[in-house]
Amino acid sequence: MGIYFLLLVVGLCWGQYNPNTVPKRTSIVHLFEWRWQDIAEECERYLAPNGFGGVQISPPNENVIITDPQQPWWERYQPISYKICSRSGNEEEFKDMVKRCNNVGVHIYVDAVINHMCGANAGAGDHATCGSYFNAKTEDFPAVPYSGRDFNDHKCKSRSGNIEDYHDISQVRDCRLVSLLDLALDREHVRSRVAAYLNRLIGLGVAGFRIDAAKHMWPADVKAILDKLEDLNTQWFPAGTKPFIYQEVIDLGGEPIKGSEYFGNGRVTEFKYGAKLGTVIRKWNGEKMAYLKNWGEGWGFVPSDRALVFVDNHDNQRGHGAGGASILTFWDARLYKMAVGFMLAHPYGVTRVMSSFRWPRYFQNGKDVNDWYGPPSNADGSTKTVTINPDTTCGNDWVCEHRWRQIRNMVVFRNVVDGEPFSNWWDNGSNQVAFGRGNKGFIIFNNDDWSLNVSLQTGLPAGTYCDVISGQKEDDLCTAVEVHVAADGMANFLIGNEDQDPFIAIHVDAKL
Ligand SMILES: *[C@@H]1O[C@H](CO)[C@@H](O)[C@H](O)[C@H]1NC(C)=O
Ligand SMILES: *[C@@H]1O[C@H](CO)[C@@H](O)[C@H](O)[C@H]1NC(C)=O
């Protein structure tokens, strides 16, 4: 009875808030624009062996093909139908990916674009990834099917039909987001078409959904759709498991729509997290790492058990979406690794690691004019495969931040310290900070312009530990800095301010 009772309680308390990862796998990675075949391989060869819990994939449904500019990444946010058919692969490849990833305990989270269809200026014809006919002007999408009455034109009160004023809640939810044809999610027909799409994915074995543009939908409409969803496939998940839901609500404060309005449906993406962490690590606006002592709700974020967090995402790493210039990305690798390290060590929220492709970033008047670039592609427009170099990094302009030693080892750190309290905080009043996670792990940063030499209480059992940032434990050897923890838990740390990575992380699975 004990186990059943526990499962029941966990089920009731968590439901759509639980990422449904296998035990002791705590983080997910966004493999932005990857092909399904490459993701299946990555689950087997890298993500499962390194303790990743899951993958957020790019939208799998049919989208419009845009030629000016040439196949931008954002064309995938312009649905034409709910056929599983995109640059990432066809339905057979999708099924194969979900099965192979699930079989090694790595789950799939689908980016669900359900607020809208393609842009109003997308024309008419069959220039869609599966060749389905559509007419944007007459709002005709026979492959779903949707027609004019399935869109919100009659409800939108703005002059242009687009969202003009983010302080007008009805406009934000009933008008077109950058001209995208806005679905009437109060209509039963639309709700049931969307739910049928999501249920088909659930049937194939996905573990949950990122709900794109949730801020642009009424929370009750999202709920009505979620209420139609089936439990997860029992081939891989316990009976009665609900899909994990995290809703894209960009709430940096200062707008009337709040993330909290969506808590009843699932988690929300906490955009303040990356915006603030970037500001602190860059030391802008007088911010210091010492101020991170009460990181989390203390910074005005949503409750930890309602948050999905990330340092950067596919939008704000290229200046789209929220966050602005403070957002740290792979382009600022040294600071980025510190930020991701801090995120993965800190207990707040469910964590998502970004994995990007490189593009020819080029600023004119402060704006990246190449922010639209799609994934690395062949001459025929097909997405390039992710090649793996002998040193385990990726080729073909795939950045693969999740394979950077410092980031991958911190994903493992988070798994090792899972459930342990935030403990033994120390700071020097400036940008040298440290904290532990119970008696399982400890991390220390030096983001000041001078070196650090300090003895601290780690909370860890006595022994010699191998730093997982400057290297790692391999068999019984340490390729990195060694940290000696005394019988009383104290250890001395030395971090030069010009070290390649000015932070050290140790945990009980990296004890020599
Ligand atoms: C920060 O740390 C350094 C060295 O650990 C120390 O010299 C300094 O006084 C500390 N405090 C401040 C406010 O910089
Ligand atoms: C670090 O501090 C300790 C104790 O103050 C001192 O003995 C040691 O020499 C210092 N190490 C360095 C490299 O400055």
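In what follows, residues are counted from 1 in the order of the sequence shown. In what follows, every heavy atom counts, from backbone to side chain, and hydrogens, waters and symmetry copies are set aside. Computed from a predicted model, the values in this text were never measured in an experiment. Counting starts at 1 for both ligands and their atoms, in listed order.
Ranking the protein heavy atoms by distance from atom 9 (O) of ligand 2 puts N453 ND2, 4.8 Å first.
Around NZ of K473, the count of heavy atoms belonging to other residues, nucleotides or ligands within 6.0 Å exceeds 12.
Inspection of the D418 and T26 side chains reveals no N or O donor paired with an N or O acceptor under 3.5 Å.
Note that atom 11 (N) of ligand 2 has protein non-hydrogen atoms nearby, at separations under 4.0 angstrom. Distances from atom 7 (O) of ligand 2 to the protein include no heavy-atom value under 4.0 Å. For atom 4 (C) of ligand 2, the protein comes within 4.0 Å by no heavy atom at all.
By the 3.5 Å distance cut-off applied to N or O atoms, N492 is not counted among the residues near ligand 2.
Set against the non-hydrogen atoms of L494, the atoms of ligand 2 under 4.0 Å away are 12 (C), 13 (C).
Looking only at distances, a side-chain donor or acceptor of Y262 sits under 3.5 Å from a matching main-chain atom of A214.
Rounded to the nearest 0.5 angstrom, Y246 OH and I211 CD1 are separated by 9.5 Å.
W295 and Y273 have their aromatic ring centers within a separation under 6.0 angstrom.
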